[in-house]
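Here's the structure, in structure tokens; my notes come after.
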2 protein chains.
Amino acid sequence: MKRNTWQREAVRTALGTQMGFVSAQDLHSNLKGTGSQIGLATVYRALGDLATEGEADSLQSPEGESLYRACSTGHHHHLICRGCGLAVEIEADDVEQWAKSVAALHGFSQAEHVVDVFGYCSACVPAVG
Amino acid sequence: MKRNTWQREAVRTALGTQMGFVSAQDLHSNLKGTGSQIGLATVYRALGDLATEGEADSLQSPEGESLYRACSTGHHHHLICRGCGLAVEIEADDVEQWAKSVAALHGFSQAEHVVDVFGYCSACVPAVG
DNA sequence: GGCTTATTGATAATGATTGTCAAAAGCGAT
DNA sequence: ATCGCTTTTGACAATCATTATCAATAAGCC
């Protein structure tokens with residue numbers, strides 16, 4: 001049976017207070033910073049569970065780190081700022097349909113798609129060099 | 001100046017003979033298997049260069065590995081089989097437009113997007129459990 | 001053939017993530 | 001509140017991909 005531990009709750013809460021995506025490592029530092037003595041492995045496990053249960057979104061940054069964010073239910077994608085981590089949820093029925101049809105067209109099944117847009121939000125546009 | 005080494009050529013060739021995406025590690029094993037004594041670091045470097053020069057596509061598998069594939073020029077996306085690695089290049093002007101407009105709509109600049117579909121091709125559909 | 005310098009490659013270093021396993025805590029029954 | 005069974009935790013080791021290091025090598029130019 002799934003048990004209710006303060007650690008899991010702490011992760012859920014910490015994730016909820018984040019405005020954007022965070023890595024497990026960051027979230028862990030974050031928690032430690034607020035006095036929590038939660039372990040790193042536990043944060044990974046909690047995030048994994050949260051993602052599995054649909055309470056969190058996970059995606060990979062271009063650098064290959066796994067990032068997580070509390071999410072509303074349902075399937076959606078994100079527009080993520082490389083500067084501040086701000087994430088905007090975007091609905092993309094068109095893209096869903098497109099992904100589905102492309103997969104079907106080529107005889108692929110169990111299709112999963114990765115659709116995310118990275119850029120700099122208006123507040124983070126770096127000085128163009 | 002950029003020099004022409006057999007190593008770089010070997011990587012380019014090996015990549016060209018692959019039908020789908022391969023990881024740097026795989027490509028390295030592959031090359032070693034054919035008798036090449038190329039070093040792992042060199043394979044990483046060559047792949048990175050190839051990708052930078054636009055001669056290869058790179059993307060990240062859901063597991064977080066970087067995968068590479070010789071590619072035609074231009075920007076496009078992929079439908080990748082989890083089973084055999086088969087990759088189908090897909091053009092998606094619609095998606096390009098969508099990504100661009102979504103980014104613009106939210107004031108994001110320098111938008112890059114990650115759009116790939118993973119699934120099982122008709123030959124690799126696993127027994128449904 | 002030499003010189004200069006980019007490139008290589010063996011290995012160490014890094015860094016994220018997962019596995020291990022004994023100790024601790026949760027939950028239901030008492 | 002306590003007991004007991006099980007899940008969960010957490011410190012640390014292990015794993016794995018990738019990058020950095022740096023002396024030795026080889027390209028390209030004279």
Side-chain angles (χ1 to χ4, degrees), chain A residues 1-15 18 20-53 55-69 80 82 85 114, chain B residues 1-15 18 20-53 55-69 80 82 85 114 116 118:
Chain A
M1 179 207 301
K2 177 70 64 76
R3 290 178 188 177
N4 223 11
T5 64
W6 66 264
Q7 285 96 334
R8 206 177 292 269
E9 198 53 42
V11 169
R12 195 200 310 274
T13 302
L15 198 61
Q18 292 291 328
F21 278 83
V22 269
S23 66
Q25 304 274 351
D26 286 346
L27 202 61
H28 179 238
S29 310
N30 209 314
L31 282 161
K32 296 283 264 197
T34 66
S36 176
Q37 280 305 109
I38 193 170
L40 176 58
T42 303
V43 173
Y44 272 97
R45 280 185 290 239
L47 284 174
D49 288 351
L50 249 19
T52 300
E53 294 160 21
E55 291 193 58
D57 258 345
S58 71
L59 61 82
Q60 293 187 1
S61 74
E63 290 76 34
E65 250 184 309
S66 286
L67 303 180
Y68 298 87
R69 186 195 180 197
I80 302 118
R82 287 182 198 287
V114 177
Chain B
M1 182 207 299
K2 176 72 61 77
R3 289 178 188 174
N4 223 10
T5 65
W6 65 264
Q7 285 96 334
R8 206 177 293 269
E9 199 52 42
V11 170
R12 195 200 310 274
T13 302
L15 197 60
Q18 292 290 328
F21 278 83
V22 269
S23 65
Q25 304 274 351
D26 286 346
L27 201 61
H28 179 238
S29 311
N30 210 316
L31 282 162
K32 296 282 263 197
T34 66
S36 175
Q37 280 304 110
I38 193 170
L40 176 59
T42 303
V43 174
Y44 272 98
R45 278 185 292 240
L47 284 174
D49 288 352
L50 249 21
T52 300
E53 293 159 22
E55 291 192 58
D57 258 344
S58 71
L59 60 81
Q60 293 187 0
S61 75
E63 288 75 34
E65 250 183 310
S66 286
L67 303 180
Y68 298 86
R69 186 194 180 196
I80 301 118
R82 288 182 198 285
V114 178
D116 288 294
F118 288 84

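Below, chains carry the letters A, B, ... as their sequence lines are ordered, and counting in each starts from 1.
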Please tabulate, for the side chains in residues 34-50 of chain A, all donor-acceptor contacts under 3.5 angstrom to protein atoms that are two or more places apart in sequence or on a different chain.
| residue | atom | partner | partner atom | Å |
| --- | --- | --- | --- | --- |
| Thr34(A) | OG1 | Leu31(A) | O | 2.8 |
| Ser36(A) | OG | Ile38(A) | N | 3.3 |
| Tyr44(A) | OH | Gln25(A) | NE2 | 2.8 |
| Asp49(A) | OD2 | Arg8(A) | NH1 | 2.5 |

For [X] and [N], give me the distance from atom [atom1] to atom [atom2], rounded to whole Å.
| X | N | atom1 | atom2 | answer |
| --- | --- | --- | --- | --- |
| Asp49(B) | dT7(C) | CG | P | 8 Å |
| Leu31(B) | dT8(C) | CG | P | 13 Å |
| Glu9(B) | dT7(C) | CD | P | 15 Å |
| His28(B) | dT11(C) | NE2 | C1' | 13 Å |

- Task: Return the 5'-most residue of the pair Tyr68(B), Val43(A) with respect to DNA chain D, ranking by each residue's nearest nucleotide.
- Result: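 Here Val43(A) is the residue nearer the 5' end.
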- Item | Of Ala24(B) and Ile38(A), the one whose closest DNA chain D nucleotide lies more 5' |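 Whichever sits nearer the 5' end wins; that is Ile38(A).
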- Message: Does any part of the side chain of Tyr68(A), heavy atoms only, come nearer than 4.5 Å to the side chain of Leu15(A), both counted from C-beta?
- Response: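 A side-chain contact exists here, since the closest heavy-atom pair is under 4.5 Å.
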- Which part of the nucleic acid, if any, lies within reach of Ser23(B) when heavy atoms closer than 4.0 Å are counted: base, sugar-phosphate only, or nothing?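 No contact.
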- Message: Heavy atoms only, 4.0 Å cut-off, all strands: where does Gln25(B) land among base, sugar-phosphate and nothing?
- Response: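 Base: the residue Gln25(B), judged by heavy atoms under 4.0 Å, touches a nucleobase.
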- Query: Taking protein heavy atoms under 4.0 Å as touching, what does nucleotides 19-30 of chain C look like 5' to 3' if B marks base contact, S marks sugar-phosphate-only contact and - marks none?
  - Reply: BB----BBS---
- Task: May I ask you to say whether Lys2(B) pairs ionically with Glu53(B), meaning some side-chain N is under 4.0 Å from a carboxylate O?
- Result: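 Salt bridge: yes.
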- Query: When rounded to the nearest 0.5 angstrom, what is the spacing between CG in Leu59(A) and CD in Gln60(B)?
  - Reply: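 Reported to 0.5 Å precision, the distance equals 10.5 Å.
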- Query: CD of Gln18(A) to CG of Leu67(A): how many Å apart, nearest 0.5 Å?
  - Reply: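 Between atom CD of Gln18(A) and atom CG of Leu67(A) there are 11.0 Å.
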- Partners passing side chain to side chain contact (heavy atoms under 4.5 Å, CB included) against Asp26(A) (at least two apart in sequence or in another chain):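 Asp26(A) satisfies side chain to side chain contact (heavy atoms under 4.5 Å, CB included) with Val22(A), Ser23(A) only.
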- Could you list the residues that satisfy salt bridge (charged side-chain N to carboxylate O under 4.0 Å, His left out) with Arg3(A), not counting sequence neighbours?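 If we apply the salt bridge (charged side-chain N to carboxylate O under 4.0 Å, His left out) test to Arg3(A), skipping adjacent residues, there are no hits.
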- Message: I'd like the 5' and 3' limits of the part of DNA chain D contacted by chain B, with heavy-atom contacts below 4.0 Å.
- Response: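 On DNA chain D, the outermost contacted nucleotides are dA17(D) to dG28(D).
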- Message: Angle between the end axes of the helix from dG1(C)-dC30(D) to dT30(C)-dA1(D), five pairs per end, to the nearest 10 degrees?
- Response: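 What I find for the helix from dG1(C)-dC30(D) to dT30(C)-dA1(D) is an axis angle of 40°.
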- Message: Please find the pair of heavy atoms, one from Phe21(B) and one from Asp57(B), that lie closest to each other, and give the distance.
- Response: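 Heavy-atom minimum between the residues: CE2-O, 3.9 Å.
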- Message: Measuring from the side chain of Arg8(B) (C-beta onward, heavy atoms only), which nucleotide among dG9(C), dT17(C), dT8(C) has the closest atom?
- Response: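 The answer is dT8(C).
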